[in-house]
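Quick note on labels: first sequence line is chain A, next is B, and so on, each numbered from 1.
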Amino acid sequence: MKLATWNVNSINARLENVLDWFREAQPDVACLQEIKCVDEKFPAEPFESMGYNVVVHGQKTYNGVAMLSKYPLDDVRRGLPDGEGDDHARYIEALVLAPQPVRVGGIYLPNGNPIGTEKFDYKLRWMGRLHRHAQDLLAFEEPLALMGDYNVIPEPEDADKPEGWLGDALFQPQSREAFRALKYLGLTDAYMEMDGRPGGYTFWDYQAGAWQRNHGIRIDHVLLSPQAADKLRGIEIHKDVRDREKPSDHVPVMVELDL
DNA sequence: ATGGTAGACCTTCTA
């Protein structure tokens, strides 16, 4: 089974680009982030024509997440627990009813910039909520994938120019520590498990020729429960997608599980 | 040291 995550930076601005990639890559399940539209504006029809079930947790202008699956979806959750007072659409979860079911959480973790503001506090609080929810899900001892745009650069090797990110929320000690704490619950970082070489970037800024200079960072992650990690066959970062017409600033990351 | 791009949308915010 192929599971993908991709921050598309507006599904409607990116539709042709995204459909092209779906036709080529044929993911069984895909988590999309930053769809930047309300549920009713999500272009579900072309995906349904390709055989996908579509669930959306949208929001006007900002954020918004969706999950598309060739298998039926059950147990759909929109938003993390303890969400009172949080109006950002950043989490969607479902049980994918494949022959061997797998629970999938699609994550758009807050960016948190600039540091020293409420936005950074919100990032850390959101990571705390994700941590507690992951703890609850891991207790099921079932195949689980928590995948998406984590907006965290875990290690200096995950940035082409780490010194340029020292003042950024994505590379703060607290952000990195919270990401490590999440992994230490017993989750496996699929990229580190299967490859782990420096340079597996998933994001290049639109500005200052970051793509042309390969000033990238690895911030889109796939974290697997032990029962899913045992079935991990491979991971691919679809870097070529960044070179196409009207690209997102993120590229798709796809894992294959023997499920 | 600075500025550079993209998307949504009401002119500025978020990334």
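Of the side-chain N and O atoms in A/Arg90, none sit less than 4.0 angstrom from OP1 or OP2 of B/dT14. Within the 4.0 Å cut-off from OP1 or OP2 of B/dG7, at least one side-chain nitrogen or oxygen of A/Lys246 is found. For the OP1/OP2 pair of B/dT14 and a distance below 4.0 Å, the side-chain nitrogens and oxygens of A/Lys119 include at least one atom meeting the criterion. Side-chain nitrogen and oxygen atoms of A/Arg14 include at least one within less than 4.0 Å of the OP1 or OP2 phosphate oxygen of B/dG7.
Rounded to whole angstrom, the span from the CG atom of A/Asn12 across to the P atom of B/dA8 amounts to 7 Å. A straight line from CG of A/Asp249 to C1' of B/dG7 spans 10 Å, rounded to a whole angstrom. A/Ile153 has its CD1 atom 13 Å from the C1' atom of B/dA15, to the nearest Å. As rounded to whole Å, 9 Å separates atom P of B/dA6 from atom CZ of A/Arg242. One atom, CD of A/Gln207, and another, P of B/dT2, lie 15 Å apart when rounded to the nearest Å. Protein atom CH2 of A/Trp211 is 15 Å distant from nucleotide atom P of B/dA6, rounded to whole Å. We find that CG of A/Asp149 is positioned 10 Å from P of B/dA15, with the value rounded to whole Å. In this structure, A/Trp204 places its CH2 atom 17 Å from C1' of B/dA15, rounding to the nearest Å.
Atom name P, nucleotides B/dC10 and B/dT14: the rounded distance is 14 Å, in whole Å. B/dA15 and B/dG3 have their C1' atoms separated by 16 Å, given to the nearest Å.
The six-membered or imidazole ring of A/Phe22 lies near that of A/Phe47, with a centre-to-centre distance under 6.0 Å. With ring centers used as reference points, A/Tyr201 lies 6.0 Å or more from A/His215. Taking the six-membered ring for Trp and the full ring otherwise, A/His238 and A/Trp21 have centroids separated by under 6.0 Å.
Listed by first and then second residue, the ring pair (Phe, Tyr, Trp, His ring centres under 6.0 Å) pairs involving residues 54-76 of chain A amount to none (not counting sequence neighbours).
Taking the six-membered ring for Trp and thresholds of 30 and 60 degrees, A/Phe179 and A/Tyr150 have ring planes more than 60 degrees apart, a perpendicular arrangement.
The side chain of A/Lys60 approaches B/dC10 more closely than any other nucleotide in the set B/dC10, B/dA15, B/dA6. With distances taken from any side-chain atom of A/Ala13 to the nucleotides B/dA8, B/dA15, B/dA6, the minimum falls on B/dA8. Side-chain proximity of A/Asn111 to B/dG7, B/dA15, B/dG3: nearest is B/dA15.
The 5' end of DNA chain B is approached more closely, in terms of each residue's nearest nucleotide, by A/Ile35 than by the other of A/Ile35 and A/Tyr62. Nearer the 5' end of DNA chain B, as judged by each residue's closest nucleotide, is the contact made by A/Lys36, out of A/Asn113 and A/Lys36.
A/Tyr108 comes within 4.0 angstrom of sugar-phosphate atoms only, judged by non-hydrogen atoms across all strands, and of no base.
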